[in-house]
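When a ligand or atom number is given, it counts from 1 through the structure's own listing order. Just so it is clear, the values below take in all heavy atoms, side chains as well, and ignore hydrogens, waters and symmetry mates. Quick caveat, the model's predicted, so the values are computed rather than measured.
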Amino acid sequence: MQKGITSLGRFLIEEQRKHPEATGDFTIILEQIAFAAKIISREVNKAGLINILGKTDSINVHGEEQQKLDVYANSKMIQALDHIGKVCAMASEEEDEVIQIPEKYPKGKYVVVFDPLDGSSNIDVNISIGTIFGIYKRVSEGGNGCKEDFLQKGRNLVGAGYVIYGSSTMFVYSTGNGVNGFTLDPSVGEFLLSHPNIKIPEYGKIYSINEANYHRWNERIRKYVEYIKNYEERQYTSRYIGSLVADFHRNLLKGGVFLYPGDSKNPKGKLRLLYEANPLAYIVEQAGGLATDGEEMILDIQPEKLHQKTPLIIGSRWEVETFLKFMRDEA
Ligand SMILES: O=P(O)(O)OC[C@H]1O[C@](O)(COP(=O)(O)O)[C@@H](O)[C@@H]1O
Ligand SMILES: [Mg+2]
Ligand SMILES: [Mg+2]
């Protein structure tokens with residue numbers, strides 16, 4: 001790729017030319033998600049105004065009050081993907097069941113999972129939020145609304161990524177050939193290549209965990225966090241803003257580890273495997289990092305349910321490998 005300004009559109013064309021087996025015919029899915037992200041970004045930037053109109057009165061499958069923007073982002077993701085003839089079905093954090101493609105539209109060979117708005121508790125306090133997505137090739141014949149195609153291991157992802165709506169809007173994705181980041185230039189309405197070939201540092205100086213849950217952690221997690229906090233050579237700092245995408249993105253660029261472990265109240269933690277942990281685990285492994293639930297790699301977990309939760313420890317190789325040693329009492 002020559003130096004200079006490269007738009008996401010041009011990059012995707014180049015990637016499809018170089019790796020037809022990877023991007024295949026699902027490049028348009030990535031383009032449509034990027035398009036939805038532009039629309040969502042526009043509304044996120046008016047969040048305060050939208051929230052003046054009050055929140056929806058609907059509650060999602062997790063019993064969480066749906067903020068207006070959650071619902072809005074969810075509808076934009078569905079509208080961007082339901083008619084392009086590439087998608088057999090979708091699964092969203094905001095929908096109890098698999099989202100079927102309307103009869104009037106052709107079905108495709110892929111299924112898409114997404115968290116349309118991650119970090120929603122931060123919407124009305126102007127803290128970065130995000131969208132997370134993953135793309136699988138259908139393994140079934142497409143009957144039963146492709147429901148079983150969602151229960152593939154993350155290792156089967158053909159593409160994944162996230163959008164972060166922060167001081168700028170960024171689109172970060174991979175289709176198995178490395179991780180690339182694009183920053184939205186609102187003046188031209190294009191995502192421009194700003195972070196080519198992202199690699200996460202071997203180790204960092206940041207750990208991200210909600211320490212208010214300290215009293216619920218098991219002994220090994222407490223020991224690991226104490227070890228990191230007192231690691232003389234590096235002087236770690238704590239950074240946790242309660243938006244998984246934002247915490248993950250910062251650690252991806254700077255190095256470090258994000259932890260949302262299971263605890264005495266929530267043995268499987270809070271984050272969802274299909275549309276939060278797996279897509280970010282795919283990205284971090286493509287960038288040279290690791291992601292585990294404390295026992296196995298996130299991407300190797302066999303999903304059983306659409307909205308199942310998983311502990312998530314994700315980031316630089318050294319911090320995650322060290323965590324696994326503590327979990328196995330090998331430290
Ligand atoms: O407030 P807690 O328990 O630390 O949880 C924070 C986590 O919850 C989340 O907001 C859950 O995601 P959603 O906002 O998409 O439900 C993550 O983004 C964030 O990392
Ligand atoms: Mg989320
Ligand atoms: Mg969400």
Side-chain angles (χ1 to χ4, degrees), residues 33 36-37 40 43-44 47 51 55-56 58-78 90-96 99 112-134 160-166 172 206-217 221 225 238-252 256-281 283-284 291 293 298 306-315:
I33 292 172
I40 296 166
E43 293 310 311
V44 165
N51 280 301
K55 299 178 176 60
T56 59
S58 58
I59 296 289
N60 68 13
V61 63
H62 315 285
E64 297 156 344
E65 178 186 290
Q66 281 184 311
Q67 304 245 4
K68 210 163 178 54
L69 262 181
D70 277 343
V71 177
Y72 181 84
N74 190 52
S75 66
K76 293 308 147 198
M77 287 292 283
I78 294 169
M90 297 175 243
S92 165
E93 176 188 286
E94 300 305 329
E95 305 268 348
D96 305 5
I99 303 157
V112 183
V113 298
F114 52 83
D115 175 358
L117 209 68
D118 173 73
S120 26
S121 62
N122 288 319
I123 291 174
D124 39 17
V125 291
N126 252 26
I127 289 176
S128 302
I129 49 184
T131 296
I132 309 171
F133 64 89
Y162 61 89
V163 183
I164 178 166
Y165 310 100
V172 180
I206 296 171
Y207 74 95
S208 309
I209 189 167
N210 185 341
E211 300 204 56
N213 299 335
Y214 180 86
H215 60 295
R216 301 206 297 258
W217 301 338
I221 291 172
V225 173
S238 168
R239 288 284 182 277
Y240 189 82
I241 65 169
S243 264
L244 168 62
V245 169
D247 280 319
F248 173 78
H249 180 71
R250 178 201 53 242
N251 295 0
L252 179 71
V257 61
F258 170 95
L259 306 97
Y260 207 112
D263 61 37
S264 55
K265 185 178 163 211
N266 305 301
K268 286 290 186 187
K270 170 181 185 181
L271 301 174
R272 281 56 57 118
L273 174 62
L274 260 63
Y275 40 77
E276 290 174 316
N278 267 336
L280 297 184
I283 290 289
V284 86
D293 65 352
I298 292 288
L306 218 47
H307 299 287
Q308 77 182 62
K309 295 180 179 177
T310 177
L312 176 63
I313 292 82
I314 186 168

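- The backbone and the side chain of S120 each have at least one atom closer than 4.0 Å to an atom of ligand 1 (non-hydrogen atoms only).
- Within ligand 1, counting atoms from 1 as listed, the ones closer than 4.0 Å to a heavy atom of E93 are 13 (P), 15 (O), 16 (O).
- Distances below 4.0 Å separate heavy atoms of Y240 from the following atoms of ligand 1: 2 (P), 4 (O), 5 (O), 6 (C).
- Taking the Mg ion (ligand 3) as reference, the nearest N/O/S atom within D115 carries the name OD1.
- Residue G242 approaches ligand 1 through these ligand atoms, each under 4.0 Å from one of its heavy atoms: 6 (C), 10 (O), 18 (O), 19 (C).
- Applying the 4.0 Å criterion to heavy atoms of E276 picks out, from ligand 1, the atoms 11 (C), 12 (O), 15 (O).
- Note on ligand 1: N213 sits outside its first shell, no heavy atom being nearer than 4.0 Å.
- Taking a cut-off of under 4.0 Å to the non-hydrogen atoms of D115, the atoms of ligand 1 that pass are 15 (O).
- Considering backbone and side-chain N/O atoms, G119 comes within less than 3.5 Å of an N/O atom of ligand 1.
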* side chain to side chain contact (heavy atoms under 4.5 Å, CB included) between L117 and N74, intermediate numbers included -> CA-CA 7 Å; L117 209 68; N74 190 52; over 6 Å; no
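- For E276, the N, O or S atom closest to the Mg ion (ligand 2) goes by the atom name OE2.
- Taking every heavy atom of both residues into account, G242 and N122 meet most closely at O-ND2, 3.1 Å.
- Of the candidates L117, I123, D118, it is D118 that places a heavy atom closest to atom 12 (O) of ligand 1.
- Taking all atoms of both residues into account, the shortest heavy-atom contact from P261 to L259 is CD-C, 3.6 Å.
- Closest approach of L271 to F258, counting heavy atoms only: CD1-CE2, 3.8 Å.
- Not one N, O or S atom of P116 sits under 2.8 Å from the Mg ion (ligand 3).
- Put simply, part of R272 is less than 4.0 Å from ligand 1, judged by heavy atoms.
- Close approach of ligand 1 to L244 is summarised as follows: ligand atoms under 4.0 Å from at least one heavy atom of the residue are 17 (C), 18 (O), 19 (C), 20 (O).
- Among the backbone and side-chain atoms of D118, none of the N, O or S atoms lies under 2.8 Å from the Mg ion (ligand 3).
- Remark: T131 OG1 to K76 NZ distance equals 13.0 Å, nearest 0.5 Å.
- Shortest non-hydrogen contact noted between V245 and Y162 is CG1-CD1, 3.6 Å.
- Panel note: side chain D293, backbone I298; no donor-acceptor pair is recorded below 3.5 Å.
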#### Entry: Verdict with supporting geometry, L244 and E276, side chain to side chain contact (heavy atoms under 4.5 Å, CB included)
CA-CA 8 Å; L244 168 62; E276 290 174 316; 3.9 Å; yes
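- Looking at N210 against ligand 1, only its side chain comes within 4.0 Å, counting heavy atoms.
- Heavy-atom minimum distance, G119 versus S243: CA-OG, 3.5 Å.
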Side chain to side chain contact (heavy atoms under 4.5 Å, CB included) assessment of S238 paired with Y207:
CA-CA 5 Å; S238 168; Y207 74 95; 3.6 Å; yes
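- Which parts of ligand 1 touch S243 is read off a 4.0 Å heavy-atom cut-off, strictly below it: atoms 18 (O), 20 (O).
- Considering just the N/O/S atoms of E93, the one nearest the Mg ion (ligand 3) carries the name OE2.
- Between D263 and the choices R216, K270, H215, the side chain to side chain contact (heavy atoms under 4.5 Å, CB included) rule is met once, by R216.
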